[in-house]
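Worksheet for the structure shown next.
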Amino acid sequence: SLWKAWVPAIIWLGVIALESSDLGAAKNTGRILYPLLHFLFKVDAMQFVTWHHHIRKTGHFVGYAVLSWFLFRAWRATLPLASLAVWSLQWAGIAFFMTALVASLDEWHQSFLPSRTGRWQDVVLDSSAALTIQVFLWMVLRGLVPCLAFASAHCSGYSRKKAFACCGPSGKLCCGDASRWLDLRH
């Protein structure tokens with residue numbers, strides 16, 4: 001149903017809004033991450049500055065990639081095509097631009113909080129994440145990349161290590177042997 005398609009995107013927007021608040025400030029994430037990284041990897045305070053920066057930027061990338069993916073799913077359910085296509089530039093474009101808009105609004109909001117900074121570089125990073133996931137979705141849904149995660153659930157008769165599943169241009173799920181697929185592609 002349409003509601004089911006939008007729930008993950010709406011929840012994820014809430015997660016981003018929460019992380020955009022003071023709770024997501026570096027001082028607060030540092031309080032949690034430093035003891036953990038110090039215990040697990042013996043990271044000292046000087047090393048932690050670099051680790052903390054990279055973890056936070058990875059969080060940006062992953063968070064906005066997930067948002068773009070959820071928005072793609074939601075728009076695919078909202079604007080179905082008569083051709084039964086599994087991928088559409090319309091869905092991907094709307095998902096990308098909505099994600100870039102959310103990233104822009106998020107950074108604008110952060111510029112008003114004393115504990116946060118709004119940075120245009122983060123908007124670029126977040127938009128890059130949205131574009132990356134849309135290209136990945138295009139590749140997967142057009143059958144250009146094997147989807148190992150779907151293999152065990154949908155492809156009976158194939159070993160778990162060798163099976164792959166994909167959705168080709170027809171929109172039908174196809175199953176096959178990943179080693180043969182790789183041999184054909186190289």
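Source: prediction; values computed, not measured.
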Next item on the list: State whether the side chain of Ser20 and the backbone N or O of Ile16 hold a donor-acceptor pair below 3.5 Å, judged by distance alone.
Entry: no
Checklist line | Side-chain donor or acceptor of Asp22 paired with backbone N/O of Ser115 under 3.5 Å | finding: no
Check: Would you say Tyr34 and Ile32 are hydrophobically clustered, going by side-chain heavy atoms of ILVMFWY under 4.5 Å?
Finding: no
Checklist line | Sub-4.5 Å side-chain heavy-atom contact between His53 and Val49 | finding: no
Checklist line | Contact check, side chains of Trp6 and Thr78, non-hydrogen atoms, under 4.5 Å | finding: yes
Margin query: In this structure, would Phe61 and Leu33 fall into the same cluster of hydrophobic residues linked by side-chain contacts under 4.5 Å?
Written below: no
Margin query: For His38 versus Val43, what's the shortest heavy-atom pair and its separation?
Written below: ND1-O, 2.9 Å
Check: How many angstroms lie between atom NZ of Lys4 and atom CG of Leu2, to the nearest 0.5 angstrom?
Finding: 12.0 Å
Notebook entry, point to check: To the nearest 0.5 Å, what is the distance between CD1 (Ile94) and CG (Leu89)?
Noted result: 9.5 Å
Checklist line | Side-chain donor or acceptor of Gln134 paired with backbone N/O of Ser68 under 3.5 Å | finding: yes
Check: Quick one: do Leu101 and Leu125 end up in the same hydrophobic cluster if we chain Ile, Leu, Val, Met, Phe, Trp and Tyr together by side-chain heavy atoms under 4.5 Å apart?
Finding: no
Note to self: As a quick check of understanding, evaluate ring pair (Phe, Tyr, Trp, His ring centres under 6.0 Å) for Trp120 and Trp108, giving each step before the final call.
What the structure shows: CA-CA 9 Å; Trp120 65 267; Trp108 178 71; over 10 Å; no
Checklist line | Intermediate values then yes/no, side-chain contact (heavy atoms from CB on, under 4.5 Å), Phe41 and Gln47 | finding: CA-CA 11 Å; Phe41 304 112; Gln47 293 170 319; over 6 Å; no
Notebook entry, point to check: With a 4.5 Å limit on heavy-atom distance, are the side chains of Leu137 and Trp91 in contact?
Noted result: no
Margin query: Once rounded to the nearest 0.5 Å, what's the spacing between atom CG of Asp126 and atom CG of Asp122?
Written below: 6.0 Å
Margin query: Contact between His109 and Leu105 at the side-chain level, heavy atoms closer than 4.5 Å - yes or no?
Written below: no
Notebook entry, point to check: Are Leu36 and Leu40 close enough that some pair of their side-chain heavy atoms sits under 4.5 Å apart?
Noted result: yes
Note to self: Any side-chain to backbone donor/acceptor pair from Arg116 onto Ser21? Under 3.5 Å, distance only.
What the structure shows: yes
Item checked: Separation of Lys57 NZ from Gln121 CD (nearest 0.5 Å) -> 8.0 Å
Next item on the list: Please check if the side chain of Ser127 supplies one atom and the backbone of Val124 the other of a donor-acceptor pair under 3.5 Å.
Entry: no
Margin query: Using every non-hydrogen atom in the two residues, find where Arg73 and Ala5 come nearest and quote the distance to one decimal.
Written below: O-CB, 4.1 Å
Margin query: Please tell me whether Val15 and Ile133 are part of a single hydrophobic cluster in this structure, the criterion being side-chain heavy atoms less than 4.5 Å apart.
Written below: yes
Margin query: Ignoring hydrogens, what is the shortest heavy-atom contact between Ala9 and Leu67? Give both atom names and the distance.
Written below: O-CD1, 4.2 Å
Note to self: Using 0.5 Å steps for rounding, measure from the CH2 atom of Trp12 to the CD atom of Glu19.
What the structure shows: 7.0 Å
Checklist line | Hydrophobic cluster membership, Val86 vs Phe70, 4.5 Å side-chain cutoff | finding: yes
Margin query: Counting neighbours of CH2 on Trp87 that are heavy atoms of other residues, nucleotides or ligands and sit closer than 6.0 Å, is the number greater than 12?
Written below: yes
Margin query: Is any side-chain heavy atom of Leu81 closer than 4.5 Å to one of Arg76?
Written below: no
Note to self: Rounded to the nearest 0.5 Å, what separates atom CZ in Phe96 from atom OH in Tyr64?
What the structure shows: 13.0 Å
Notebook entry, point to check: Taking all non-hydrogen atoms of both residues, which atom of Ala95 and which atom of Trp75 are closest, and how far apart?
Noted result: N-CD1, 4.5 Å
Margin query: Is there a side-chain contact between Val102 and Leu13 in this structure, where contact means two heavy atoms from C-beta onward sitting under 4.5 Å apart?
Written below: yes
Checklist line | Thr29 vs Ile55 side-chain heavy atoms within contact, under 4.5 Å | finding: no
